[in-house]
Amino acid sequence: VLGGGPNIVRGTQARMDSGKAFRLMVINAGLLMSVLPLPGQVRLLVSVLVLGAFTAFLPLLFWAVLYAVRTKRVSGKSPLDRTPKQPL
């Protein structure tokens, strides 16, 4: 979505994928545990852990966007420099 060429895309994907396996494991285990007959306090703890895994995505997203913008700025590929296509 951010674009900018193959190097920038690989860099943003690497930043977005950090901790991916742990986040997926926590989310899937938490969702599985939510359907089991567990005490209320355990269910609350699991829900908080799942929510934390989901919200961990937001700083990673900010970090990836910041990387893409800075890299585009350094390489001279600003999205504001594009000229609109002329109609045929």
Side-chain angles (χ1 to χ4, degrees):
V1 172
L2 297 173
N7 291 333
I8 294 175
V9 170
R10 277 193 288 274
T12 55
Q13 284 178 346
R15 280 151 182 79
M16 296 289 290
D17 288 346
S18 59
K20 175 178 68 172
F22 178 73
R23 285 184 288 130
L24 286 175
M25 182 188 68
V26 169
I27 291 168
N28 287 332
L31 293 175
L32 176 65
M33 291 178 74
S34 70
V35 298
L36 296 175
L38 298 172
Q41 291 178 343
V42 174
R43 193 174 288 219
L44 178 65
L45 176 66
V46 168
S47 298
V48 169
L49 290 174
V50 169
L51 182 63
F54 276 122
T55 57
F57 173 77
L58 295 175
L60 295 173
L61 176 66
F62 178 74
W63 186 31
V65 169
L66 191 64
Y67 167 79
V69 169
R70 285 182 178 171
T71 307
K72 286 178 189 177
R73 207 177 278 159
V74 167
S75 68
K77 292 182 179 182
S78 174
L80 301 176
D81 294 340
R82 293 187 208 159
T83 57
K85 293 182 180 180
Q86 298 296 325
L88 298 174

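Counting all heavy atoms, side chain and backbone alike, Arg23 lies closest to Met16 at NH2-O, 3.1 Å.
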Show which side-chain atoms of residues 40-64 pair as donor or acceptor with protein atoms under 3.5 Å away, not counting sequence neighbours.
{"residue": "Arg43", "atom": "NH1", "partner": "Ser34", "partner atom": "O", "Å": "3.3"}
{"residue": "Arg43", "atom": "NH2", "partner": "Leu36", "partner atom": "O", "Å": "2.6"}
{"residue": "Ser47", "atom": "OG", "partner": "Arg43", "partner atom": "O", "Å": "2.9"}
{"residue": "Thr55", "atom": "OG1", "partner": "Leu51", "partner atom": "O", "Å": "3.1"}
{"residue": "Thr55", "atom": "OG1", "partner": "Gly52", "partner atom": "O", "Å": "3.1"}

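Between the side chain of Thr71 and the backbone N or O of Ala68 there is no donor-acceptor pair closer than 3.5 Å.
Here the straight-line distance linking atom OG1 of Thr12 with atom CG of Leu66 works out to 12.0 Å at 0.5 Å rounding.
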